[in-house]
Amino acid sequence: MYSIRDVSDIMEISIYTLRYYEKIGLLSFVKRNENGVREFSKEDIVTLNTVYRLKQTGMSLKDIKNYLELVDKGIESISERKEMFREQKIKVQQQIIDLQNALKTINGKLHYYEEASK
């Protein structure tokens, strides 16, 4: 079992963020011991990693919460989850294209300034 500090260190997520996620219902899967202290299992960390990665892709916390609710429904929600991930994949692919275009612009400007400073 892992403490909130352990998870914060492992995931490089602030304790504040983890507490906020719990407050809004994203960490309902995390159990507490007899003293009320959160205890994260390895499976909890895997789930939290999914939450964190989805957030990195720009998925809203509302949609992530919906995803976790679908997970709780079990096998019957597989197609909904699959569609959710398909839609998010398309969004991420577009973000990658947009970032590649931005990088081309930056590289072009760098080249211009390198030449101009000679």
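Numbering starts at 1 and runs along the sequence shown.
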S.K.: With Phe40, which residues qualify under ring pair (Phe, Tyr, Trp, His ring centres under 6.0 Å), at least two apart?
M.R.: none
S.K.: Would you mind listing every salt bridge (Lys or Arg N to Asp or Glu O under 4.0 Å) that reaches into residues 83-96, with sequence neighbours excluded?
M.R.: Glu83-Arg86
S.K.: Not counting sequence neighbours, which residues clear side-chain hydrogen bond (donor to acceptor under 3.5 Å, both in side chains) with Glu76? List them please.
M.R.: none
S.K.: Please tabulate, for the side chains in residues 51-62, all donor-acceptor contacts under 3.5 angstrom to protein atoms that are two or more places apart in sequence or on a different chain.
M.R.:
unit_1, atom_1, unit_2, atom_2, d
Arg53, NE, Asn49, OD1, 3.4
Arg53, NH1, Gln56, OE1, 2.7
Thr57, OG1, Leu54, O, 2.6
Thr57, OG1, Gln88, NE2, 2.7
Ser60, OG, Asp63, N, 3.0
Ser60, OG, Asp63, OD2, 3.3

S.K.: Side-chain heavy atoms under 4.5 Å apart, restricted to Ile/Leu/Val/Met/Phe/Trp/Tyr: what other residues fall into the cluster of Tyr113, or is it alone?
M.R.: Tyr112
S.K.: How long is the straight-line distance from OG of Ser79 back to CE of Met84, given to the nearest 0.5 Å?
M.R.: 12.5 Å
S.K.: May I have the list of side-chain donor-acceptor pairs in residues 16-25 shorter than 3.5 Å, sequence neighbours left out?
M.R.:
unit_1, atom_1, unit_2, atom_2, d
Thr17, OG1, Ser14, OG, 2.8
Glu22, OE1, Arg32, NH2, 3.0
Glu22, OE1, Arg38, NE, 2.6
Glu22, OE1, Arg38, NH2, 2.7
Glu22, OE2, Arg32, NH2, 3.2
Glu22, OE2, Arg38, NE, 3.4

S.K.: Would you say Ile10 ends up clustered with Leu26 if hydrophobic residues are merged whenever their side chains have heavy atoms under 4.5 Å apart, either directly or through other cluster members?
M.R.: yes
S.K.: Return each pair, listed once, that meets salt bridge (Lys or Arg N to Asp or Glu O under 4.0 Å) where at least one residue sits in residues 99-118; pairs must be two or more places apart or across chains.
M.R.: Glu115-Lys118
S.K.: Linking Ile, Leu, Val, Met, Phe, Trp and Tyr by side-chain heavy atoms under 4.5 Å, what else ends up with Ile78?
M.R.: Ile75
S.K.: Rounded to the nearest 0.5 Å, how far apart are CG of Leu48 and CE of Met11?
M.R.: 4.5 Å
S.K.: Can you list the steps and then say if Asp6 with Ser3 is a side-chain hydrogen bond (donor to acceptor under 3.5 Å, both in side chains)?
M.R.: CA-CA 5 Å; Asp6 296 334; Ser3 70; 3.2 Å; yes
S.K.: Taking only residues two or more places apart in sequence or in another chain, which ones pass salt bridge (charged side-chain N to carboxylate O under 4.0 Å, His left out) with Glu34?
M.R.: none
S.K.: Can you check whether Val37's main-chain N or O pairs, donor with acceptor, with Asn35's side chain at less than 3.5 Å?
M.R.: no
S.K.: Counting only heavy atoms not in Arg5, do more than 12 fall under 6.0 Å of its CZ?
M.R.: no
S.K.: Return the set of residues passing side-chain contact (heavy atoms from CB on, under 4.5 Å) with Asp98 (not counting sequence neighbours), or none when no residue passes.
M.R.: Gln94
S.K.: Given side chains that start at C-beta, do those of Val7 and Ile13 come closer than 4.5 Å, heavy atoms only?
M.R.: no
S.K.: Tell me who clusters with Leu110, hydrophobic residues only, linked when side chains sit under 4.5 Å apart either directly or through other members.
M.R.: Ile106
S.K.: Suppose we screen for salt bridge (charged side-chain N to carboxylate O under 4.0 Å, His left out). Which residues come up paired with Glu12, at least two apart in sequence or across chains?
M.R.: none
S.K.: Taking atom CD of Gln100 and atom CG of Leu103, what is their separation to the nearest 0.5 Å?
M.R.: 8.0 Å
S.K.: What is the minimum heavy-atom distance between Asp44 and Phe29, and which atoms define it?
M.R.: OD1-CD1, 3.3 Å
S.K.: Check whether any side-chain heavy atom of Glu39 sits under 4.5 Å from a side-chain heavy atom of Val30, and report yes or no.
M.R.: no
S.K.: Rounded to the nearest 0.5 Å, what's the gap from OG on Ser8 to OH on Tyr2? Could you check?
M.R.: 14.5 Å
